[in-house]
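Throughout, protein chains are lettered first and strands after them, A, B, ... in sequence-line order, and every chain is numbered starting at 1. Quick note: numbers below take in every heavy atom, side chains included, and nothing from hydrogens, waters or symmetry partners.
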Number of protein chains: 2
Amino acid sequence: MELRHLRYFIAVAEEGHIGRAATRLHISQPPLTRQIQQLEEELDVQLFIRTPRGMDLTPAGELLLEEARNIRSVVEQAAERTQRAGQGKLGRLDIGIFGSAILDTIPAILLKFRNDFPEVKVVLHNMGKDAQIAALRQRRIDLGFNRFLDPLEDIVNEIVLTEKLLIALNEQHPLAGQPAVPFSVLQENPLIVFPVGPRPSFIDKVMHMCHQKGFAPHVAQEVGNTLTGVALVASNFGVCVVPESATKLALPGVVYRPIIDPPADSGADLNCIYRSDDPSPLLESFLTTVRTFGEQWVTSYP
Amino acid sequence: MELRHLRYFIAVAEEGHIGRAATRLHISQPPLTRQIQQLEEELDVQLFIRTPRGMDLTPAGELLLEEARNIRSVVEQAAERTQRAGQGKLGRLDIGIFGSAILDTIPAILLKFRNDFPEVKVVLHNMGKDAQIAALRQRRIDLGFNRFLDPLEDIVNEIVLTEKLLIALNEQHPLAGQPAVPFSVLQENPLIVFPVGPRPSFIDKVMHMCHQKGFAPHVAQEVGNTLTGVALVASNFGVCVVPESATKLALPGVVYRPIIDPPADSGADLNCIYRSDDPSPLLESFLTTVRTFGEQWVTSYP
DNA sequence: CATCTTGATACTTTTTTAGTATCAAGGAAT
DNA sequence: ATTCCTTGATACTAAAAAAGTATCAAGATG
C-alpha cells in the first residue's frame, strides 16, 4: 500500500463517483478503478459497493476513510516539521554558559533568538570553559559562551562582541568624582583580580595590560568571579577592572569609570565556540542571531 | 512522497549505511540512493550527512525518523482495523428488540456474540415491530428481533428458533398437579391473551389454534405483555398460553405445563429481520451467531 | 425500447523504479 | 607515500508499474 492508494481512495469516497474523482485527481477513470481494486485486494476488504449511480462506502470503507484522512494529516505534519527542522526553526539547542557574560549579553541574545525562533527549545548548561570544550566534543552541547580561549583545531572560536573595560572604584576614592580615570590608578591602588580558575583568563588580560604600561600591579586579592570582586570594591578593599556589562551589578558604594588612556588591545572579548564540523541549521540560525546582536551591541554603547 | 520513501528512509537511518539498508530491503544500492535523494529533494531538507563510513542523520533526519516510525505504525493499524471491520469483527451494530424474547433468548445471544466479537459495539433499541421496520429502512438499526411479522419485500425475515407453547395455570387449578395438560383447558377456563398492539400478534396465533381445535375460547382479558398475563394467572384470573421462555418468569402461584395434544403448527417463532440488501459483514457475523444459537437452543429443550 | 450513465476490461503508451557496471573520494594498512 | 578497501554517486539498461485510449456490459431513465 502506498499513499497514492489512500489519496485516490479519499477522492473516490468523497466524490462517491469514480469518474468525478478521476477528474479531481487529474487522471483518467480506468487507472483509478484499478488502484481502488488493488487496494481492496491488498487489504482483502470490500471498501465500496458499486451501484449504477456510483460508489457507496461499506462500513469498513467508512472506517478506512477516517483512518486515511488521519494518515494524510500525520504525513503532512511530519513533512512540515522536518522542513522546519531543516531550516533551523525547530529543534533543541544546548548551550554552555559561563562567567560574567551571563549578566547581560546572553539573556539579551536568548530573548532575541526565542523571539525569532519560538519553536526551538534552548537548554542552558552552566559550565566552565574546559567543561564546555569537552561537552562540545561529546555533543552534549552545541555551542558555548566564554572568554579568553586558546585556539583549537576542531572548535571554531568566534568573537561575539568586544566590551570596553571599566575601572570599579569605591565612591570614597579621590577620583570617584571624575567622569574618567587614568590607567595609573591600577598602579596606585590595591588591585582585585578575577576569576580564579583555568588559565588563560581575565586575570592574564589585566596583568598583560599593566606590563604594557610598564608596571607590575599590587594584587591585593584574587577572587572567584565578577560579583565577588565588585563586592570587595564596595567595602573599599581596592580597585578592580571589569567589562562594561558588569555595570549591571549596581552595588551601593561602587562607581564604574572609563579609562582615559587605555592600553592598545584593551577590551574583553566575549566568544562563542562550536564544533567546526557541525552542519546544524539550528546552530546556523543561532549564530546569525548572535552576529547581528554583536553588531548592534557594539554601536549602541558609546 | 510515498510510503516507500519512508520505508527506505527508516532502513537507511537504522542501518546508517546505504548498502546494508539495500540488502535489508532486498534491493540493490543505486535505486536506494536515488530514493533517498528524491526524498531530500522533495522535502528540500538534508536528512543525512554522507561520510566515508556511512550515513549519519542530521537533526532534521532524526526528527523525520521518529515521524516516519509513527506513520508506519499508524498505517499498519489502519490496515488492520479496516480488515477486522471487513471481517465483521470491528464496528457497531444497532439492534431493535421487542416483546417477550427479551426475557431469555436475546440476552443469551448477545452474551455469545460479545464473547466471539468483543470489538463490536452492540447498541440495543427498544421498539415495536413497526418501528423496527421503519428504523431498518432508515438505516437507524441493522437488525430487529420480533414475532409474527408479515412478509416484506425489502426485509428478510428469518426464524431464530421456535419455542414450544406452554399453558400457565394457577397452582390451585385442578390440573396443576398433572405433568401435562390437554389443550381443552383453554376451552374450559377463562383465557388471558396478549399482547395488545399491532396485529398480527401472539393473540392471533392462540385464537387460530383454538379454532383449529373446533372451539372459540372465552377471552377473559387482553393484556399488554407476557408479564401482566402471567401476573393475572397468579391471581387465579384464568389460564394463559405462553412461549416456553416465559418460564423464566417464576411468579409465585403459577405453574407452566406442556400441552398433551398440541395442534399442528403449535409453536411461537422468534424472528430476526434485516435489510435484504445489507452487505455488512458485521451483520453476517451476528447472523452466524444467531443461527448457531438457534440450533443449539432447539435441541437443548426437551 | 432507446438512451444515458455507471464502473470494468483489453490493450497501448508513458513513467517510474530497480538492476548492472563503474566511478571518485576518503580512510586504513602497508 | 602509496596501495587497497570502503563508502555513496552516477550513467546506462531492464523491468515493473502506472496512466491513457477505446470499448463494453449492466442498470437506471425517459
Pairs satisfying side-chain hydrogen bond (donor to acceptor under 3.5 Å, both in side chains), at least one member in residues 149-159 of chain A, at least two apart: A/Arg137-A/Asp154, A/Glu158-A/Tyr274, A/Glu158-A/Arg291

Under the ring pair (Phe, Tyr, Trp, His ring centres under 6.0 Å) test, residues paired with B/Phe202 that sit two or more places apart: B/Phe148, B/Phe194

Sugar-phosphate, base or nothing in reach of B/Gln37, heavy atoms under 4.0 Å: sugar-phosphate

Pairs satisfying salt bridge (charged side-chain N to carboxylate O under 4.0 Å, His left out), at least one member in residues 110-119 of chain A, at least two apart: A/Arg84-A/Glu119, A/Lys112-A/Asp116

Rounded distance (Å) that lies between atom C1' of D/dA18 and atom CZ of A/Arg7: 12 Å

B/Met127 and B/Arg140, any side-chain heavy atoms less than 4.5 Å apart: yes

side-chain hydrogen bond (donor to acceptor under 3.5 Å, both in side chains) involving B/Asp265 - partner list, sequence neighbours excluded: none

Exam field: side chain A/Ser285 to backbone A/Gly88, donor-acceptor pair closer than 3.5 Å: yes

Contact list for DNA chain D against residues 12-22 of chain A - heavy-atom distance below 4.0 Å: none

Test salt bridge (Lys or Arg N to Asp or Glu O under 4.0 Å) applied to A/Asp142 and A/Lys121, step by step: CA-CA 12 Å; A/Asp142 303 297; A/Lys121 186 177 174 185; over 6 Å; no

Ignoring hydrogens and angles, write down the donor-acceptor pairs under 3.5 Å from the side chains of residues 43-55 of chain A, residues two or more places apart or on other chains.
| unit_1 | atom_1 | unit_2 | atom_2 | d |
| --- | --- | --- | --- | --- |
| A/Gln46 | NE2 | A/Phe48 | O | 2.8 |
| A/Arg50 | NH1 | A/Glu40 | OE1 | 3.2 |
| A/Arg50 | NH1 | A/Glu40 | OE2 | 3.0 |
| A/Arg50 | NH1 | A/Phe48 | O | 3.2 |
| A/Arg50 | NH2 | A/Glu40 | OE1 | 3.0 |
| A/Thr51 | OG1 | A/Arg53 | N | 3.0 |
| A/Thr51 | OG1 | A/Gly54 | N | 3.0 |
| A/Thr51 | OG1 | A/Gly54 | O | 3.1 |

Considering only distance and modelled atom types, tabulate donor-acceptor pairs under 3.5 Å from the side chains of residues 18-33 of chain A, sequence neighbours left out.
| unit_1 | atom_1 | unit_2 | atom_2 | d |
| --- | --- | --- | --- | --- |
| A/Arg20 | NH2 | A/Glu15 | O | 3.3 |
| A/Thr23 | OG1 | A/Gly19 | O | 3.1 |
| A/Arg24 | NH1 | A/Glu14 | OE1 | 3.2 |
| A/Arg24 | NH1 | A/Glu15 | OE2 | 3.1 |
| A/Arg24 | NH2 | A/Glu14 | OE1 | 2.6 |
| A/Gln29 | NE2 | A/Thr33 | OG1 | 2.9 |
| A/Thr33 | OG1 | A/Gln29 | O | 3.3 |

Sugar-phosphate only, base, or nothing, as touched by B/Arg34 at under 4.0 Å among non-hydrogen atoms: base

Salt bridge (charged side-chain N to carboxylate O under 4.0 Å, His left out) partners for A/Arg4, two or more places apart: none

For DNA chain C, the residues among residues 41-59 of chain B that have a non-hydrogen atom under 4.0 Å from it: B/Pro52

Set of salt bridge (charged side-chain N to carboxylate O under 4.0 Å, His left out) partners for B/Arg81, sequence neighbours left out: A/Glu67

Sugar-phosphate, base or nothing in reach of B/Gln29, heavy atoms under 4.0 Å: base

Sugar-phosphate only, base, or nothing, as touched by B/Gln38 at under 4.0 Å among non-hydrogen atoms: sugar-phosphate

Sidechain-backbone polar pair: B/Asp269 side chain, B/Asn271 backbone, donor-acceptor under 3.5 Å: no

A/Leu25 CG - D/dA19 P separation (whole Å): 9 Å

Axis deviation across the helix from C/dC1-D/dG30 to C/dT30-D/dA1, five-pair ends, to the nearest 10°: 20°

Boundaries of the chain B footprint along DNA chain C (any atom under 4.0 Å from a heavy atom): C/dT17 to C/dG27

Main-chain N/O of B/Pro279 paired with B/Glu284 side-chain donor or acceptor, under 3.5 Å: no

